[in-house]
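Following: one structure in structure tokens, then a few remarks.
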Amino acid sequence: MASKLLRAVVLGPPGSGKGTVCERIARSFGLQHLSSGQFLRESLGGGGGDGARPAAPEPPRGWLGLHPCCLPAAHSRPCARPGFPRTLGQAQALDGICQLDLVISLNIPFETLKDRLSARWVHPASGRVYNMDFNPPQSQGVDDLTGEPLVQRDEDRPEAVAARLRKYKDAAKPVIELYKSRGILHSFSGTETNKIWPYVYSLLSSRIPPILSEEEH
């Protein structure tokens, strides 16, 4: 087996479905899914307060970070740090850690994103997220498991969503142009993750042997 299978990141604005896509990649290609926050906590291990780059823990067979995704072969180390790259500076910093083979960019219409984000409510204690349009709680306004009240984060309020999306667009444009110039950018457009996913699956299947069919994701 080669020492490296694939190094990739998933880019997209807030509410574009990056987390869902990464979870499906993990299941379909037999990788362990680690959220950015989880990986960062494990990497820091209580240290790193001086700003030094923490040593990455040894991953299990295959590793998938949550946007970015990093897909190395068994016994290799993950090369992408959590949260990268959201800006051109971060993309350049990532170059110093590893060279990406593939960048997946999710392009979702502004109005779709605005509706998705404005419909999101969360359970503060657990972080469980509900969407009032397609994933509502069983009882209106309360968490399914605890019965505690749900809240809408300030950043998801309609008046804040437009500003978030504009900020992302301005920051992401040079990042997308950078990866496009390198010939590793693959863009997928649509309004639903279920319709975008088959194309992402097909792309990755040409690079990584899947363990689940597209329908089994």
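These figures come from a predicted structure and were not determined experimentally. All residue numbers in this chain count up from 1 along the given sequence.
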So, [X] side chain and [Y] main chain: donor-acceptor pair closer than 3.5 Å or not?
| X | Y | value |
| --- | --- | --- |
| S181 | L178 | yes |
| S202 | P198 | no |
| D143 | H123 | no |
| K18 | G12 | yes |
| E177 | K173 | no |
| S28 | I25 | no |

Practice prompt. Report the C-alpha separation of M132 and R120 in whole Å, then their side-chain angles, then the decisive distance to 0.1 Å, and conclude whether the side chain to side chain contact (heavy atoms under 4.5 Å, CB included) test is met.
Written response: CA-CA 7 Å; M132 297 306 167; R120 289 204 307 196; over 6 Å; no
Please determine whether residues [X] and [Y] belong to a single hydrophobic cluster, defined as Ile, Leu, Val, Met, Phe, Trp and Tyr linked transitively by side-chain heavy-atom distances below 4.5 Å.
| X | Y | answer |
| --- | --- | --- |
| L150 | V161 | no |
| L113 | V129 | no |
| Y130 | L117 | no |

Once rounded to the nearest 0.5 Å, what's the spacing between atom [atom1] of [X] and atom [atom2] of [Y]?
| X | Y | atom1 | atom2 | answer |
| --- | --- | --- | --- | --- |
| S189 | I196 | OG | CD1 | 7.0 Å |
| F188 | S105 | CZ | OG | 9.5 Å |
| R182 | Q99 | CZ | CD | 6.0 Å |
| L102 | L204 | CG | CG | 6.0 Å |
| L94 | R7 | CG | CZ | 10.0 Å |
| I104 | Y179 | CD1 | OH | 13.0 Å |

Worksheet item: Taking everything shown except Q140 itself, do over 12 heavy atoms lie less than 6.0 Å from its CD?
Response: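 Counting other residues, nucleotides and ligands, CD of Q140 stays at 12 neighbours or fewer.
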Practice prompt. For Y199, look at atom OH and say whether over 12 heavy atoms of other residues, nucleotides or ligands are found less than 6.0 Å away.
Written response: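 No, because the 6.0 Å sphere around OH of Y199 holds 12 heavy atoms or fewer from other groups.
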Worksheet item: R24 and N194: side-chain donor and acceptor closer than 3.5 Å?
Response: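 On atom types as modelled, these side chains qualify, holding a pair under 3.5 Å.
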Write down the atom of [X], the atom of [Y], and the distance for their closest heavy-atom approach.
| X | Y | value |
| --- | --- | --- |
| P149 | P124 | O-CD, 3.9 Å |
| P137 | V142 | CB-O, 3.2 Å |
| R164 | E155 | CD-O, 3.1 Å |
| R116 | G15 | NH1-O, 2.7 Å |
| Q152 | W121 | N-CE3, 3.3 Å |
| T191 | P109 | CG2-CG, 3.8 Å |

Fill in: Any side-chain heavy-atom pair of I184 and D101 under 4.5 Å
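No. Closest side-chain heavy atoms not under 4.5 Å.
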Discussion item. Side chains of S205 and F29, heavy atoms from C-beta outward: is any pair under 4.5 Å?
Written reply: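 They are in side-chain contact.
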Item to complete: Apply side chain to side chain contact (heavy atoms under 4.5 Å, CB included) to L11 and V103, showing your working.
Response: CA-CA 7 Å; L11 303 178; V103 175; 3.6 Å; yes
Fill in: Reference residue R128; test side-chain contact (heavy atoms from CB on, under 4.5 Å); the match among L145, V122, D144
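Among L145, V122, D144, the one meeting side-chain contact (heavy atoms from CB on, under 4.5 Å) with R128 is L145.
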